[in-house]
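Residue indices begin at 1 and follow the sequence shown. What's counted below: heavy atoms across the whole structure, side chains too, no hydrogens, waters or symmetry copies.
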Amino acid sequence: MRHVILGNGPAGVIAAETLRKNAPADDIILVGDEVEMPYSRTALPSLIAGQISEASMRLRRDKDYFSRLRVQQVFGRAAHVSARTRTVKMEDGSAIEFDKLLICTGSKPRVPTIPGIDFPGVHACWTLQDARQIAALAQPGTRVVLVGAGFIGCLVMEALAKRGVDLTVVEKRDRMMAGALCRGAGDMVMRWCERKGIKVHTSTRVVAIGTSTLQTLGAPHIARLSNGAQLQADLIVYCAGSTPNIDFLRGSSIKFLQGVVVDDTMQTNVPGIYAAGDCAETFDEAAGRSIIAGVQPNAGDQAYCAALNMADKHAVQRSVRQIDVFDTMGLISASFGHWQGIRGGEWVEFADPANFKYMRLEFSRDILVGSNTVGLTEYSGVLRGLIQHQVRLGDWKERLLKDPMVLKDAYTECVQQHYVHQASIFHNPPGLQPEPARQAV
């Protein structure tokens, strides 16, 4: 049996290891599109900041690791997959045959539609080579414009700040980390960053990158903003989101929408072909819809599940982790569950701007379904427990709507009642209740 894994990031490596353990006699081919040993993309900001070395980014540091595991490494890009002939055609014209295939090609950076985005000195922060170039240019005092303040953008922002650059952040949405934080939480993170000396423009776009007046201004680039401002820049970095890296599947019989559509075994509509990670679109029972779970722990879980099934071991993946914790310049924020709320639900918020503390709770009936917090790490366990276990709050819901800071008291009482109720159901399951004694007539 020959297994081909497209993508040698964390998901691909976990899949290869899982396959080798469960299918010791099978052939395994691990394909990566960078001529680099497998590394963690999430570590790129730490590399830019100078906190780690390139060697520390490697997923497996022993250079002979994959050969000893009997995993063949191939470097190149997939151009097309044929489910009929069971082959992957590569961009260099070669072809790789497979019996079973795992697609974990991740995502690729979204390139903003900005005139001048392809100029020298304008970089994405996506590959190891990108990080090397950014680190070489981002010297102390360098004027840097960062386009995008989502989760990845904020990690890159902090890395650049640690290098002592003169940094301006431009975000087209109305707040920082808009994909994980509500307006109140995102605004608080922005004020924190400004207090750290970073200039932030929200609800603003870079409309053009120009070089026509360089000689007089002394800067390689001018970033023109939608609010009329013009920023001199020695370096421009964009972190404008990402899209699943699945263009090579066009014309194949593999179904994809936003990502590659998979079932709870991570198998696609084509038997023997699987997908995992940032390129996989899976139905999440908790969310009630198909989602792409673009965080590394989910990618690892999905790859492990897919590999087990490729090795003919039955495994299912029915939900994804919906917990994200962020450290932005030392300020901790968190997004749990349906943090953006649900239709027909209620919500309440608490804010202490002077001390950078914030909480927003989202309810469905008397169940807490999501939350955002900033600067309140002591509530993380409480929120995780209530949301994950769908604890009924009863009368405590109304009390929380009046004062969300009684959350710990609500947790103590309601969780205890929840587990008493669960234990009662376990010992007396529905349909197996003892029949009441009959009275004599």
Would you check if the side chain of [X] reaches a backbone N or O of [Y] as a donor-acceptor pair within less than 3.5 Å?
X: Asn22; Y: Ala311; result: no
X: Lys397; Y: Arg365; result: yes
X: Asn269; Y: Ser253; result: yes
X: Asp64; Y: Ser67; result: no
X: Glu362; Y: Gly370; result: no
X: Arg41; Y: Trp126; result: yes
X: Ser252; Y: Ile254; result: yes
X: Gln302; Y: Gly277; result: yes
X: Thr412; Y: Lys408; result: yes
X: Asn8; Y: Val31; result: no

Check whether more than 12 heavy atoms from other residues, nucleotides or ligands sit under 6.0 Å from atom [atom1] of [X], and answer yes or no.
X: Lys21; atom1: NZ; value: no
X: Arg58; atom1: CZ; value: yes
X: Gln139; atom1: CD; value: yes
X: Gln258; atom1: CD; value: no
X: Arg84; atom1: CZ; value: no

When rounded to the nearest 0.5 angstrom, what distance separates [atom1] in [X] from [atom2] in [Y]?
X: Leu102; Y: His3; atom1: CG; atom2: NE2; value: 10.5 Å
X: Met188; Y: Asn372; atom1: CE; atom2: CG; value: 11.5 Å
X: Arg175; Y: Cys182; atom1: CZ; atom2: SG; value: 7.0 Å
X: Tyr238; Y: Ile114; atom1: OH; atom2: CD1; value: 9.0 Å
X: Arg195; Y: Met329; atom1: CZ; atom2: CE; value: 11.5 Å
X: Phe98; Y: Thr85; atom1: CZ; atom2: OG1; value: 7.0 Å

Are [X] and [Y] close enough that some pair of their side-chain heavy atoms sits under 4.5 Å apart?
X: Asn309; Y: His314; result: yes
X: Arg60; Y: Leu69; result: no
X: Leu6; Y: Cys104; result: no
X: Cys193; Y: Met176; result: yes
X: Pro112; Y: Arg205; result: no
X: Val144; Y: Ile236; result: no
X: Ile292; Y: Pro244; result: yes
X: Asp26; Y: Leu19; result: no

Candidate pair Ile134 and Val237, rule side chain to side chain contact (heavy atoms under 4.5 Å, CB included), full reasoning: CA-CA 8 Å; Ile134 290 169; Val237 180; 4.0 Å; yes

Option among Tyr274, Phe248, Phe256 that satisfies the side chain to side chain contact (heavy atoms under 4.5 Å, CB included) test with Ile103: Phe248

Member of Val325, Leu383, Leu361 meeting the side chain to side chain contact (heavy atoms under 4.5 Å, CB included) criterion with Thr373: Leu383

Does [X] come within less than 4.0 Å of [Y], counting only side-chain N to carboxylate O?
X: Arg143; Y: Asp234; value: yes
X: Asp187; Y: Arg183; value: yes
X: Asp312; Y: Lys100; value: yes
X: Glu54; Y: Arg132; value: yes
X: Arg392; Y: Glu413; value: no
X: Glu194; Y: Lys196; value: no
X: Arg86; Y: Asp99; value: no
X: Asp62; Y: Arg68; value: yes

Do [X] and [Y] pair up side chain to side chain, a donor and an acceptor below 3.5 Å, judged on atom types alone?
X: Tyr39; Y: Glu34; answer: yes
X: Ser380; Y: Thr377; answer: no
X: Asp130; Y: Thr127; answer: yes
X: His123; Y: Gln133; answer: yes

Geometric cation-pi criterion, Arg360 with Trp347: 6.0 Å, 45°: yes

cation_pi(Lys357, Phe350) dist<6.0 Å, angle<=45: no

Whether Phe119 and His221 hold their rings parallel, tilted or perpendicular, with breakpoints at 30° and 60°: parallel

Taking all non-hydrogen atoms of both residues into account, name the closest pair between [X] and [Y] and its distance.
X: Pro10; Y: Leu59; result: N-CD1, 3.6 Å
X: Glu36; Y: Phe75; result: O-CE2, 3.2 Å
X: Ala15; Y: Ala307; result: O-CB, 3.6 Å
X: Ala11; Y: Ala299; result: CB-O, 3.9 Å
X: Ala16; Y: Ile28; result: O-CD1, 3.8 Å
X: Cys154; Y: Ala149; result: SG-O, 3.6 Å

CA sep, side-chain torsions, deciding dist, call: Ile387, Val369, side chain to side chain contact (heavy atoms under 4.5 Å, CB included): CA-CA 5 Å; Ile387 293 168; Val369 295; 5.7 Å; no

Arg77 vs Asp92, salt bridge (Lys or Arg N to Asp or Glu O under 4.0 Å): CA-CA, chis, key distance, verdict: CA-CA 8 Å; Arg77 289 180 179 271; Asp92 64 4; over 6 Å; no

Ile48 vs Cys125, side chain to side chain contact (heavy atoms under 4.5 Å, CB included): CA-CA, chis, key distance, verdict: CA-CA 10 Å; Ile48 292 171; Cys125 185; 3.5 Å; yes

Verdict with supporting geometry, Leu44 and Met57, side chain to side chain contact (heavy atoms under 4.5 Å, CB included): CA-CA 8 Å; Leu44 290 175; Met57 297 178 58; 3.4 Å; yes

